[in-house]
Amino acid sequence: MNHRVGIIGCGQLARMMAQEGQALGLEFAFIALGKENVTCVKGLGEIVRAGEAPDPAALYQALGSPEVITTEREDVPLDLLRALEDFCPVYPRPDAVAKTQHRLREKLSLLESGIPVAPFLPAGDAHEISRAIRYLGYPAFIKACESGYDGKNQWRIDSPAQLEKIRGEIGNLPCVVEKGVPFTREVSIIGVRSASGETRTYAMAENLHVNGTLLVSRAPVPQRDDEQLDTAHRYLETLLRDWDYVGVLAMECFVTASGVLVNELAPRVHNSGHWSLGGAATSQFANHLRAILDMPLGDTHCDRPAAMVNMLGIDTAPETPNEGVWVYGKSPRPGRKLGHVLLLDEVSARLDRRVEQLLAELYPERQTRLAASA
Ligand code: AMP
């Protein structure tokens with residue numbers, strides 16, 4: 001009998017997971033939350049709409065009694081995850097998802113595992129925010145503890161006047177105030193751990209964001225510092241072990257002159273790991289499925305430099321030569337992630353030039369330089 005996997009969420013991550021899973025002979029069923037659009041996963045398995053208060057037993061049955069349930073979303077209701085655990089394993093574990101859903105809890109968990117983060121203070125009102133910024137200095141980042149991702153519910157503050165201006169917007173939202181750190185690059189690593197504890201990590205990727213949205217991921221990080229690289233890999237392996245984590249975990253970091261600081265975790269397959277689809281022997285999607293089904297993990301090695309370029313608001317394949325295009329089947333909207341392109345090249349400098357060429361075709365109006373840190 002085929003293994004059946006339930007996935008909470010119906011976006012492009014669920015789509016790519018299912019596409020990769022089909023090659024492993026797996027069957028899928030998807031839970032659509034609220035009014036979630038399901039076009040990305042059409043034809044890839046059963047789609048079950050969960051209402052406001054889904055009955056977990058009925059939901060599990062409607063999914064076709066999967067062997068394991070996972071999520072492609074971070075904002076998944078914890079009650080639902082926990083309730084589904086009565087029927088089958090849910091990976092990543094709800095406790096791990098809970099930690100990453102709350103910025104303060106996440107930072108405290110990182111510190112507990114001995115992993116450094118940017119200096120921060122928690123704050124719950126205007127007075128506490130002012131006090132935190134007086135202590136940490138400018139620039140500072142105010143980040144809501146919950147529902148803050150892709151730059152949402154997040155403010156960079158460079159001056160007292162600016163703080164005054166956005167005070168009303170923040171209100172009394174529980175938040176963390178973070179010191180702005182002078183990073184030289186933003187990087188991320190994808191790690192994966194199976195139910196029986198086998199662990200692997202992918203090459204560190206350098207990420208270029210535009211307006212809070214990822215535009216390019218490049219792996220392995222060019223001109224890397226091996227000691228920093230080892231340290232970051234060790235941080236991720238430590239977390240996977242300390243949390244008894246199962247599945248893929250993404251760790252986003254700042255590289256600073258004094259070392260690597262972890263900025264954020266994502267308990268799922270991650271956009272900065274899309275390069276592994278075609279760029280590594282086994283993709284993050286396939287390895288996530290192997291991990292949650294407790295199958296032996298696949299090789300994460302990439303044998304030539306890879307770059308992933310997001311198609312933001314674009315859903316037609318570019319003409320610039322490339323090694324793969326994934327279009328997600330979503331309805332177009334400006335700035336929306338509608339697909340991505342993979343470039344592979346033995347020669348790192350040539351890969352950079354090809355990325356520039358692709359960016360010039362996709363975004364002719366912008367002046368994006370790949371070397372964001374240069
Ligand atoms: P985040 O939502 O935490 O990923 O932050 C979005 C972006 O804001 C990051 O990718 C950074 O470019 C920037 N940022 C966030 N926190 C800091 C910080 N403490 N210091 C400097 N830049 C930051």
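Whatever order the structure lists them in is the order used to number ligands and atoms, beginning at 1. Residue numbers run from 1 in the order of the sequence given.
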Atoms of ligand 1 less than 4.0 Å from N263 heavy atoms?
-> 1 (P), 3 (O), 4 (O)
If a pair satisfies ring-ring contact (aromatic ring centres under 6.0 Å, His included) and one of its residues is in residues 300-345, list it, with sequence neighbours excluded.
-> H274-H340, W326-H340, Y328-H340
Side chain to side chain, E112 and K99, heavy atoms closer than 4.5 Å | no
Applying a strict 4.0 Å limit to heavy atoms, is E252 in contact with ligand 1?
-> no
For Y60, ring pair (Phe, Tyr, Trp, His ring centres under 6.0 Å) partners two or more places apart = F87
To which of K143, E186, E178, H209 does the heavy atom nearest atom 15 (C) of ligand 1 belong?
-> K143
At a 4.0 Å threshold, what atoms of ligand 1 neighbour a non-hydrogen atom of E264?
-> 1 (P), 2 (O), 3 (O), 4 (O)
SB check E264 R103 (cutoff 4.0 Å) | yes
Has R103 got any heavy atom lying under 4.0 angstrom from an atom of ligand 1?
-> yes
Consider ligand 1: state whether an atom of it lies below 4.0 angstrom from any non-hydrogen atom of G180.
-> yes
Q61 atom CD, neighbour heavy-atom count above 12 within 6.0 Å | no
Is F183 near ligand 1, meaning one of its heavy atoms is under 4.0 Å from it?
-> yes
If you measure from the Lys or Arg side-chain nitrogens to the Asp or Glu carboxylate oxygens, is any gap between R82 and D95 under 4.0 Å?
-> yes
Heavy-atom distances under 4.0 Å are what count here, so tell me which part of R156 touches ligand 1: side chain, backbone, both or neither.
-> neither
Any cation-pi pair here, K107 with F120, using under 6.0 Å and within 45°?
-> yes
Under 4.0 Å from any heavy atom of K179, which atoms of ligand 1 are there?
-> 18 (C), 19 (N), 20 (N)
